[in-house]
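Report on the structure given below.
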Amino acid sequence: MGEFELIRNYFAAAPCAQGGEGVALGIGDDCALLAVPPGEQLAVSTDTLVAGVHFPDPCDPFLLGQRSLAVAVSDLAAMGAKPFAFTLALTLPTVTADWLQAYARGLNQMAQACGVALVGGDTTRGPLSLTMTVFGRVPSGQALTRSGAQPGDLLCVGGELGNAAGALPLVLGQRSAEPAIVEPLLAHYWSPRPQIDLGLALRGKARAAMDISDGLLADCGHIAVASGVALQVERDRLPLSNALLAFLGRADAEQVALSGGDDYVLLFAVPPSRLSALQAEGWPIHVIGSVLAGQGVTLVDSDGHDITPRVRGYQHFRETP
Ligand code: ADP
Ligand code: MG
């Protein structure tokens with residue numbers, strides 16, 4: 001199968017590649033053309049997933065199709081942008097119809113769930129890697145950045161923490177467990193649900209937001225620096241799933257919730273006066289701490305003692321001490 005046949009059969013023909021709102025021209029020309037109405041800004045983000053680094057190789061291509069798009073769309077959710085389009089740069093060592101078919105099916109399913117149209121990409125031969133660029137729209141000036149948190153705000157997350165990182169021994173086949181534990185944890189890893197609607201609901205309400213991809217404490221550090229504030233996380237307020245607690249026990253579940261990556265839930269700072277309205281709308285919001293004057297991120301126990309761990313999350317290229 002040649003490059004053009006591959007693009008045509010598996011990507012251009014996919015239901016998610018048939019255009020949509022904001023797509024003036026999709027796959028097939030030298031560029032796609034995207035329309036942004038006056039008064040709105042284009043939000044753009046790129047994510048690369050490399051085999052053996054960001055996902056195990058081999059793995060189920062259907063699940064990889066879902067996950068590769070979900071992690072990219074999550075960045076749009078974190079800005080309060082409405083996703084509408086994406087491109088896919090695919091590097092493949094070999095071309096097999098079964099693999100492509102399953103990958104495209106997973107991709108298509110997530111694309112339709114997120115409301116995004118595939119508008120272009122690139123197809124090359126080499127070690128397996130996937131690069132997604134996602135496009136969203138947001139009314140000018142309303143994007144949720146990392147830099148607006150203020151002392152007195154509450155620090156919140158949009159869902160349970162640690163499930164995806166806790167699932168890693170299951171993903172890698174190093175451990176097994178009963179279906180009631182395995183199924184929800186693997187679902188969090190392979191098909192994270194970008195919190196698009198929560199991001200939209202937080203426009204004009206949250207002062208700062210991001211999605212948790214590198215681990216809670218590490219990502220809190222990004223908001224603290226960008227906003228010029230200190231963040232305090234209360235260990236006993238971390239939302240942990242029953243499946244994670246049953247699989248790892250409380251101490252290890254807390255550890256992965258604090259330092260494991262791949263959660264893709266939103267982390268945000270909101271003034272206390274705006275919280276109850278959001279909760280009344282039914283959003284799954286958990287208050288996990290507070291924003292203070294100062295700098296840095298601290299973890300405290302129920303007595304307020306500082307129990308901040310030294311190592312905070314995953315970083316590529318980090319020097320070993
Ligand atoms: P060019 O050589 O002009 O960069 P290509 O031959 O790489 O174009 O791609 C032809 C068309 O197919 C373009 O519209 C491109 O965006 C699209 N395309 C290529 N690979 C993919 C892919 N993996 N998924 C979706 N669209 C793709
Ligand atoms: Mg060209």
Side-chain angles (χ1 to χ4, degrees), residues 1-37 40-77 81-137 190-194 196 213 264:
M1 183 175 5
E3 176 190 338
F4 297 110
E5 194 184 351
L6 183 163
I7 296 168
R8 197 171 54 240
N9 291 352
Y10 297 101
F11 299 107
C16 68
Q18 306 315 306
E21 200 193 331
V23 180
L25 183 66
I27 293 176
D29 215 310
D30 292 309
C31 288
L33 297 173
L34 304 179
V36 182
E40 296 194 17
Q41 291 172 314
L42 187 63
V44 181
S45 170
T46 295
D47 269 299
T48 294
L49 300 188
V50 177
V53 179
H54 300 97
F55 58 89
D57 186 27
C59 70
D60 180 333
F62 173 81
L63 295 172
L64 182 62
Q66 291 198 325
R67 183 167 190 274
S68 55
L69 180 58
V71 305
V73 168
S74 177
D75 284 315
L76 295 178
K82 188 167 173 23
F84 72 102
F86 72 106
T87 61
L88 163 66
L90 184 60
T91 303
L92 289 169
T94 52
V95 175
T96 72
D98 284 352
W99 194 96
L100 280 165
Q101 204 152 32
Y103 178 79
R105 215 161 37 82
L107 184 77
N108 192 68
Q109 192 162 307
M110 187 57 72
Q112 297 202 307
C114 296
V116 287
L118 177 61
V119 298
D122 197 19
T123 307
T124 52
R125 188 181 290 272
L128 178 60
S129 91
L130 310 148
T131 297
M132 302 280 178
T133 300
V134 291
F135 303 87
R137 285 189 311 236
W190 282 117
S191 9
R193 294 283 149 183
I196 299 166
S213 55
Y264 302 109

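Atoms within each ligand, like the ligands themselves, are counted from 1 in listed order.
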Under 3.5 Å between some N or O of ligand 1 and some N or O of G28? yes

So salt bridge (Lys or Arg N to Asp or Glu O under 4.0 Å) across residues 9-22, not counting sequence neighbours, yields E21-R137

Contacts satisfying ring-ring contact (aromatic ring centres under 6.0 Å, His included) that involve residues 100-126 (not counting sequence neighbours) are W99-Y103

Note: ligand 1 atoms sitting under 4.0 Å from heavy atoms of L88 are 22 (C), 23 (N), 24 (N)

F11 heavy atoms within 4.0 Å reach ligand 1 at atoms 23 (N), 24 (N), 25 (C)

Q) Does any non-hydrogen side-chain atom of L130 lie less than 4.5 Å from one of L64? A) yes

Give a yes or no on whether the backbone of F62 and the side-chain of D60 come within a donor-acceptor separation of less than 3.5 Å. yes

So the atoms of ligand 1 within less than 4.0 Å of a heavy atom of D29 turn out to be 13 (C), 14 (O)

Practice prompt. In sequence, state the C-alpha distance, the side-chain angles, and the governing distance for T123 and E3, and then conclude on side-chain hydrogen bond (donor to acceptor under 3.5 Å, both in side chains).
Written response: CA-CA 7 Å; T123 307; E3 176 190 338; 5.5 Å; no

ask   = Does ligand 1 have an atom that lies less than 4.0 angstrom from a heavy atom of F4?
value = yes

D30 heavy atoms within 4.0 Å reach ligand 1 at atoms 3 (O)

Under 4.0 Å from one or more heavy atoms of I7, ligand 1 contributes atoms 12 (O), 18 (N), 19 (C), 20 (N), 27 (C)

*Taking Q66 for the side chain and P61 for the main chain, is one N or O donor matched with an acceptor at less than 3.5 Å?*
no

